[in-house]
Q: 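The following block contains the structure, expressed as structure tokens.
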Protein chains: 2
Amino acid sequence: MIRALRAAGFRVTPQRLAVLRILAKSAGHPGAGDVHRAARRAFPAISLATVYKTLAALKAVGQVLELEFSGLPNRYDGCRPGPHPHVICQACGRIVDPRNLDLAPTVAVLAGETGFAIHGSRVDFFGTCPACRRRAHC
Amino acid sequence: MIRALRAAGFRVTPQRLAVLRILAKSAGHPGAGDVHRAARRAFPAISLATVYKTLAALKAVGQVLELEFSGLPNRYDGCRPGPHPHVICQACGRIVDPRNLDLAPTVAVLAGETGFAIHGSRVDFFGTCPACRRRAHC
DNA sequence: GTCTGTGCAAACCCTTTGCACGATG
DNA sequence: CATCGTGCAAAGGGTTTGCACAGAC
């Protein structure tokens with residue numbers, strides 16, 4: 001990530017390092033607020049605006065995937081920066097990355113049917129995760 | 001739609017009829033602003049708030065599908081109110097409904113892999129529509 | 001030393017809400 | 001005639017931006 005930032009002419013500041021470390025460590029998909037809170041532990045004066053700007057820089061160099069949710073805070077994935085499907089628990093907000101799901105055949109079918117040149121996708125599945133299912137005694 | 005509203009105890013007002021007619025007629029996926037502008041032609045005094053409230057009522061009775069986009073206005077589909085995949089042109093904003101796409105097998109695979117109980121999905125593909133591809137002489 | 005990054009606060013924009021008035025069943 | 005819907009204006013909330021100061025290269 002550091003290399004990617006420098007290569008694009010971005011400077012590497014302590015604040016950016018803090019954000020970067022948090023993204024690299026979090027296996028989940030933290031929100032901007034989560035990143036900010038975590039970054040404050042290493043760098044108490046860091047502002048939310050700086051976190052957003054750093055996330056934007058990392059997105060610009062393809063090192064982080066931004067997941068936007070209307071009405072809910074965005075979530076960020078620094079472990080798998082390419083677009084990929086997600087499975088989201090509506091009870092606890094947990095986001096899981098499925099492994100065995102290849103969209104390429106689907107994209108090919110759609111391109112043929114619609115005539116679109118397809119460049120990307122956003123694929124989310126909503127449900128209840130195993131832990132929350134148990135908690136609701138179902 | 002009228003029946004569904006009445007059955008749920010909603011009143012049928014001229015404003016709601018105007019919104020309703022626009023949704024039934026638009027094959028595309030208009031935004032709230034589009035609906036408002038169109039509704040003003042039949043009912044010049046109608047407010048944007050009323051449009052939003054009517055859309056919410058129709059959503060509540062399952063007669064319209066709301067597509068939320070972070071940063072962009074929501075889009076509404078009164079023709080196919082159930083969730084379904086979309087193909088979106090990033091150049092002109094057009095939204096197309098593909099026909100030959102069944103997500104059921106995918107959902108089954110995901111449920112097995114993740115242990116989630118999957119209740120819904122949001123599947124969008126982004127690209128360039130045939131018209132915009134021609135316009136960009138590609 | 002120059003130019004970029006930071007932090008603060010205000011702006012943004014679509015959407016939602018509070019409220020007094022008007023219309024519906 | 002009780003209740004719900006309308007229209008206006010203001011609030012709401014995550015994100016973005018303008019600006020002056022500070023720090024990286």
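A quick note: this is a predicted structure, and the numbers were derived from the prediction, not measured.
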Q: Which heavy-atom pair separates A27(B) from C79(B) by the least distance, and what is that distance?
A: CA-SG, 4.5 Å

Q: Collect all protein-nucleotide pairs involving nucleotides 22-25 of chain C in which both atoms are nitrogen or oxygen and the distance is under 3.5 Å.
A:
unit_1: dT24(C); atom_1: O2; unit_2: R11(B); atom_2: NH1; d: 2.9
unit_1: dT24(C); atom_1: O2; unit_2: R11(B); atom_2: NH2; d: 3.3
unit_1: dG25(C); atom_1: OP1; unit_2: V12(B); atom_2: N; d: 3.4

Q: When the distance from CD1 of I46(A) to C1' of dA22(D) is rounded to whole Å, what number comes out?
A: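 So the CD1-C1' distance, I46(A) to dA22(D), works out to 15 Å.
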
Q: What's the CZ-C1' distance between R75(A) and dG14(D), to the nearest Å?
A: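 About 14 Å, once rounded to whole Å.
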
Q: Please state how far atom CG in L67(A) lies from atom P in dG14(D), giving the value in whole angstrom units.
A: 17 Å

Q: Could you tell me which residues satisfy salt bridge (Lys or Arg N to Asp or Glu O under 4.0 Å) with R94(B), sequence neighbours excluded, listed by chain and number?
A: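 Listed in chain order: nothing, the list is empty.
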
Q: Looking at dG23(D), I'd like to know if its phosphate oxygens (OP1 or OP2) sit under 4.0 Å from a side-chain N or O belonging to Q15(A).
A: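 It does not, given that no N or O in the side chain of Q15(A) lies less than 4.0 Å from OP1 or OP2 of dG23(D).
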
Q: Does E113(A) reach the main-chain N or O of R99(B) with its side chain, forming a donor-acceptor pair under 3.5 Å?
A: yes

Q: Does H36(B) reach the main-chain N or O of I46(B) with its side chain, forming a donor-acceptor pair under 3.5 Å?
A: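 Yes, because the side chain of H36(B) sits within donor-acceptor range (under 3.5 Å) of the backbone of I46(B).
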
Q: Base, sugar-phosphate, or nothing: which does A45(B) touch, judged by heavy atoms less than 4.0 Å apart?
A: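 The residue A45(B) makes sugar-phosphate contact but no base contact.
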
Q: Between T50(B) and dG7(D), is there a contact of a side-chain N or O with OP1 or OP2 at under 4.0 Å?
A: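 The answer is yes; a side-chain N or O of T50(B) sits under 4.0 Å from OP1 or OP2.
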
Q: Ignoring hydrogens and geometry, is there a side-chain-to-backbone donor-acceptor pair from S26(B) to G28(B) under 3.5 Å?
A: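 Side chain of S26(B) to backbone of G28(B): no pair is present.
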
Q: Expressed as a whole number of angstroms, how long is the span from E68(B):CD to dG14(D):P?
A: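 After rounding, the reported distance stands at 15 Å.
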
Q: With sugar-phosphate meaning primed atoms plus P, OP1 and OP2, does F43(B) contact a base, only sugar-phosphate, or nothing at under 4.0 Å between heavy atoms?
A: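 Contact class for F43(B): sugar-phosphate only.
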
Q: To the nearest angstrom, how far is L48(B) atom CG from dA10(D) atom C1'?
A: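 Value for this atom pair: 14 Å.
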
Q: Rounding to a whole Å, what distance do you find between L5(A):CG and dT4(C):C1'?
A: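 To the nearest whole Å, that distance equals 13 Å.
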
Q: Would you mind reading off the distance between K53(B) atom NZ and dC14(C) atom P, rounded to a whole angstrom?
A: 19 Å

Q: Taking the cut-offs as 6.0 angstrom to the six-membered ring centre and 45 degrees off its axis, would you call R122(B) and F69(B) a cation-pi pair?
A: yes

Q: Nearest to the side chain of R16(A), which nucleotide is it out of dG5(C), dG7(C), dG18(C)?
A: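 Taking heavy atoms from C-beta onward, the closest nucleotide is dG5(C).
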
Q: Distance check needed: dG12(D) P versus L72(A) CG, whole Å only.
A: 19 Å

Q: Per the side chain to side chain contact (heavy atoms under 4.5 Å, CB included) rule, which among D77(A), L101(A), L103(A) passes with H84(A)?
A: D77(A)

